[in-house]
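Have a look at the structure below before the remarks.
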Amino acid sequence: ENTPSTLIMIFGATGDLAKRKLFPSLYQLYLKGKMSNNFALLGVGRREWSHDRFKDHVRDSLQASSHSKEHIESFIEHCAYQSHDVSDSDSYIQLKNLANELDQQFELCGNRIFYLAMAPEFFGTITDHLKQDGLTDTKGFCRLVIEKPFGHDLASASALNEQIRKSFSEEQIYRIDHYLGKEMVQNIEVIRFANAIFEPQWNSRFISNIQITSSETLGVEERGRYYETSGALRDMVQNHMLQMVALLAMEPPIRLSTDEIRSEKVRVFRAMRPIEGTEVDDYFVRGQYAEGTVNGTDVDSYRNGENVDPTSNTETFVAGKVMIDNFRWAGVPFFIRTGKRMTVKSTKIVVQFKDIPMNLYYNKEHSLDPNLLVIHIQPDEGVTLHLNAKKTSQGIDTKPVKLSYSASSIDGINTPEAYEKLLYDCILGDATNFTHWDEVKHSWSFVDKISTHWESTTEESFPNYASGSMGPAKSDELLAQEGFEWWPIG
Ligand code: BG6
């Protein structure tokens with residue numbers, strides 16, 4: 001086995017992310033033989049838990065999430081817990097001692113992953129202490145994994161980055177964007193660069209527009225406090241949506257190395273047309289959900305949610321037109337759309353090809369549908385190509401046909417959870433599917449201009465879309481003004 005030995009230290013180990021995603025993902029890796037036997041999982045949290053209390057907690061998480069329960073006990077033997085105060089040096093000394101003991105016991109060669117699965121206001125304090133108190137002073141590798149939000153805007157993200165960089169170099173920092181761990185998001189590059197039929201057409205001469213939708217049915221639920229300071233633009237667009245744009249728009253990297261891929265992505269961010277001031281209204285639409293019905297259940301409006309200001313100006317929906325001003329993409333709109341409390345939970349990319357130069361088959365009854373390449377990110381995973389074929393009858397009538405590949409059903413196995421892949425990459429030291437600071441920087445700079453405009457003007461029409469709908473009417477108008485419409489995604 002080639003997986004390096006490592007200590008995985010999870011800050012925020014009693015929290016929701018650890019329980020729902022991190023423990024189950026590590027266990028899956030363990031079951032698949034992708035973990036070295038020399039590993040330890042050290043949970044760190046404020047609560048005064050014993051090792052056994054923590055092990056019960058991990059056990060509950062694994063029991064609830066895994067079909068195969070056979071190896072749970074042996075996995076749990078690798079777990080330990082330390083209660084901790086993030087701003088107290090003594091607390092870090094205790095942590096270091098325990099880490100060193102585990103290092104001995106499991107022969108971890110001083111390799112350490114520090115995973116900060118907690119509120120970002122503590123990121124800087126923790127990284128300062130990890131260095132000052134000697135936790136990063138080992139003979140093995142040290143890596144830092146951080147969850148979003150990475151800042152609130154460019155200024156706060158830069159400040160945070162500077163602070164973290166005092167203790168960890170850029171190469172040691174793994175910024176999670178869990179969309180980059182999704183199977184079909186990773187597949188975007190493969191579909192583009194491993195198929196002779198797409199890449200020659202992947203430009204403004206053949207593509208009329210690209211649509212990326214990530215819709216959710218859930219509302220903001222119990223996350224009102226966070227969401228009020230965020231909104232859909234910061235929560236989804238700054239990271240996940242723009243990352244998908246970058247993967248769709250990037251030039252082929254000269255090789256599949258981390259640096260080459262990331263630098264091609266950065267070039268896309270650099271080419272994104274900055275939208276500022278009142279111009280924002282021509283390119284971006286914001287929405288906020290009213291009450292309505294989602295999957296047959298009546299639900300309340302955003303403003304009536306827990307910890308939400310009853311006059312809130314926070315957007316729960318964003319649609320926008322992103323223009324990439326480079327040779328390849330001049331004039332091709334990338335339409336993005338994301339929101340809470342929409343009709344379905346789904347993430348899809350639709351690449352719409354231009355109409356053929358002369359349509360021989362057009363008649364008054366029907367025009368030809370354009371060719372579409374649909375990349376299904378979730379819940380189904382696969383690719384569909386929409387073509388036109390002859391209707392089986394007399395004459396030259398055509399009918400739309402679809403060629404589909406469904407990764408989830410044909411490959412027959414559940415594709416691994418995003419976190420499982422990303423954790424594995426981090427253990428192997430592969431940062432390709434994590435966001436580099438340059439990407440974060442450029443995407444904040446793009447998004448800040450939009451939020452500045454939005455925050456300076458109250459959206460009088462809020463709430464402006466019914467829960468269970470596909471967003472406000474203006475989102476459709478955004479495409480209609482260019483002669484397009486959103487392709488159905490249900
Ligand atoms: C997170 C956002 O980053 O992504 C959430 O903070 C959102 O608000 C989630 O619900 C969506 O992720 P997924 O994988 O369910 O599409």
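Just follow the structure's listing: the first ligand is 1, and inside any ligand the first atom is 1. The first residue in the sequence is number 1, and the count goes up from there.
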Nearest non-hydrogen protein atom to atom 13 (P) of ligand 1, with distance, is Lys345 NZ, 3.4 Å
Check for a donor-acceptor pair, side chain of Asp448 on one end and backbone N or O of Leu154 on the other, with a separation under 3.5 Å. yes
re atom 14 (O) of ligand 1, the protein heavy-atom contact at minimum distance is Lys182 NZ, 2.6 Å
Worksheet item: In terms of ring plane angle, is the pair Trp49 and Tyr81 parallel, tilted or perpendicular, where the classes change at 30° and 60°?
Response: tilted
Atom 16 (O) of ligand 1: closest protein heavy atom, distance to 0.1 Å, is Tyr179 OH, 2.5 Å
Under 4.0 Å from one or more heavy atoms of Lys148, ligand 1 contributes atoms 1 (C), 2 (C), 3 (O), 6 (O)
Do Phe334 and Trp329 have ring centroids that are under 6.0 Å from one another?
yes
Residue, atom and distance of the protein heavy atom nearest atom 3 (O) of ligand 1 read His240 NE2, 2.7 Å
Practice problem: Kindly say whether Arg225 contributes a backbone atom to a donor-acceptor pair with the side chain of Glu228 at under 3.5 angstrom? | Solution: no
Atoms of ligand 1 under 4.0 Å from any heavy atom of Asp235, numbered from 1 in the order shown, are 2 (C), 5 (C), 6 (O), 8 (O)
heavy-atom search around atom 11 (C) of ligand 1 in the protein gives Glu216 OE1, 4.0 Å
Test ring pair (Phe, Tyr, Trp, His ring centres under 6.0 Å), reference His78, set Tyr27, Phe23, Phe39, output is Phe39
Say whether, by atom type as modelled, one donor and one acceptor occur between the side chain of Asn371 and the main chain of Phe353 under 3.5 angstrom. no
- Message: Using only atom types and a distance under 3.5 Å, with no angle test, would you say the side chain of Glu439 pairs donor to acceptor with the backbone of Phe269?
- Response: no
- N or O contact, His178 vs ligand 1, cut-off under 3.5 Å: yes
A student checking ligand 1 against Lys340 at a 4.0 Å heavy-atom cut-off should list atoms 5 (C), 7 (C), 8 (O), 10 (O)
